Amino acid sequence: MTHRRPSPPTRTSRPTRSVAQKMGVRAGSRARLVDAPPGVADELGLPGLRWVGAGEEADHLHLFVVTEAGMRTSFAAVAADLAPGGALWVSWPRGRRRGADLTLREVIAVGYDGGLVESTCLRVDDTWAGLRFTHPRPGRVYANSYGTLPWQRPADRRP
C-alpha cells in the first residue's frame, strides 16, 4: 500500500490592490493632484474624490516632480494645504528617468526642510516612485539620517 503525502495548502491569491488603495486614499476625500503627467491619474485607480484647488485644505495631495529644484519650489505651497491627518505623496521618476536628479535621499531632505515627515515608499508605476509625507506628531523627535525637521536641528544649523 502506497501512502501519499497530502499536498501543501495552496495560497489563494488576493485581489490586486490599486495604487490608490495602497496609498490609503478614501472615497470622498478632498484631493488635488499637482503636475501629474498625462495618464498617471488613471493608473492610480482613485476612488470618487472631492477635487479642491490650490489654497484649499486637502486630505490627499499628490505632487509629481522631476528635479530637486522643482520640488523645493512646489513643496512648501502644496504642503501648506495639507489637512491635519492628511497625506502628501511626492512622486519622482525612478532611476533618474526623464532627466530626474532626485533620489529617495533628496526627496526626504526636502520634505523635512518643509516641516513634514516621511513614512511609506511605493512604486506608482514603471516610471514613478512615491513617498508619503504627513505632519509630525507633537513632541516626537524624528531622527532620520537624510533630513531633520527645522525646529529639531541644532541651533547652529537652523535656517
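The figures that follow rest on heavy atoms only: side chains count, while hydrogens, waters and symmetry mates do not. Only a predicted model underlies this, so the values are computations on that prediction, with no experimental measurement involved.
- The closest side-chain heavy-atom distance from Leu122 to Val19 is below 4.5 Å.
- Contact check for Lys22 versus Thr120: no side-chain heavy atoms found under the 4.5 Å cut-off.
- For the residue pair Glu118 / Tyr112, a side-chain donor-acceptor distance below 3.5 Å is found, with atom types taken as modelled.
- In this structure, Ala87 and Arg132 approach most closely via the heavy-atom pair CB-NE, 3.5 Å.
- Panel note: side chain Asp81, backbone Ala58; no donor-acceptor pair is recorded below 3.5 Å.
- Val52 and Leu33 are not part of a single hydrophobic cluster, where members link through side-chain heavy atoms under 4.5 Å apart.
- At distances below 3.5 Å, at least one donor-acceptor pair connects side-chain atoms of Arg94 with backbone N or O atoms of Asp126.
- A chain of hydrophobic side-chain contacts below 4.5 Å, direct or via other Ile, Leu, Val, Met, Phe, Trp or Tyr residues, connects Tyr142 to Trp151.
- When all heavy atoms of His135 and Pro84 are compared, the closest pair comes out as CD2-CA, 4.0 Å.
- To the nearest 0.5 angstrom, Gln152 atom CD is 11.0 Å from Asn144 atom CG.
- Using modelled atom types, one side-chain atom of Ser74 and one backbone atom of Gly70 make a donor-acceptor pair closer than 3.5 Å.
- Within the 3.5 Å criterion, the main-chain N or O of Tyr146 finds no donor-acceptor partner in the side chain of Arg105.
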Audit row: Val65, Asp35, side-chain contact (heavy atoms from CB on, under 4.5 Å) steps and yes/no:
CA-CA 7 Å; Val65 293; Asp35 297 330; 5.8 Å; no
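- You'll find the side chain of His60 stays beyond 4.5 Å of the side chain of Arg26, heavy atoms only.
- Between Val124 and Met23 there is a side-chain heavy-atom pair separated by less than 4.5 Å.
- Contact of the Leu116 side chain with the Leu82 side chain is registered, since non-hydrogen atoms from C-beta on lie closer than 4.5 Å.
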Trace of the side-chain contact (heavy atoms from CB on, under 4.5 Å) decision for Val90 with Phe64
CA-CA 6 Å; Val90 174; Phe64 290 82; over 6 Å; no
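- In this structure, Trp89 has its ring center at least 6.0 angstrom away from the ring center of Phe133.
- Atom OG1 of Thr73 is separated from atom CD of Glu68 by 10.5 Å, given to the nearest 0.5 angstrom.
- The line from CG of Asp113 to OG1 of Thr148 is 8.5 Å long, rounded to the nearest 0.5 Å.
- In this structure, OG in Ser91 is found 11.0 Å from CG in Leu102, a value given to the nearest 0.5 Å.
- Nearest heavy atoms, Gly45 versus Ala20: O-CB, 3.4 Å.
- Contact of the Val66 side chain with the Trp92 side chain is not registered, since no non-hydrogen atoms from C-beta on lie closer than 4.5 Å.
- Here the CD1 atom belonging to Ile108 is positioned 10.0 Å from the CD atom belonging to Glu106, to the nearest 0.5 angstrom.
- In this structure, the side chains of Pro47 and Val25 come closer than 4.5 Å at one or more pairs of heavy atoms.
- One N or O on the side chain of Asp59 and one on the backbone of Arg30 form a donor-acceptor pair closer than 3.5 Å.
- Note that CG of Asp101 and CE of Met71 are 11.0 Å apart. Values are rounded to the nearest 0.5 Å.
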Test side-chain contact (heavy atoms from CB on, under 4.5 Å) on Thr134 and Leu88 and set out the steps.
CA-CA 6 Å; Thr134 59; Leu88 164 54; over 6 Å; no
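- Looking at Arg123, its side chain never comes within 3.5 Å of a backbone N or O of Ala129 through a donor-acceptor pair.
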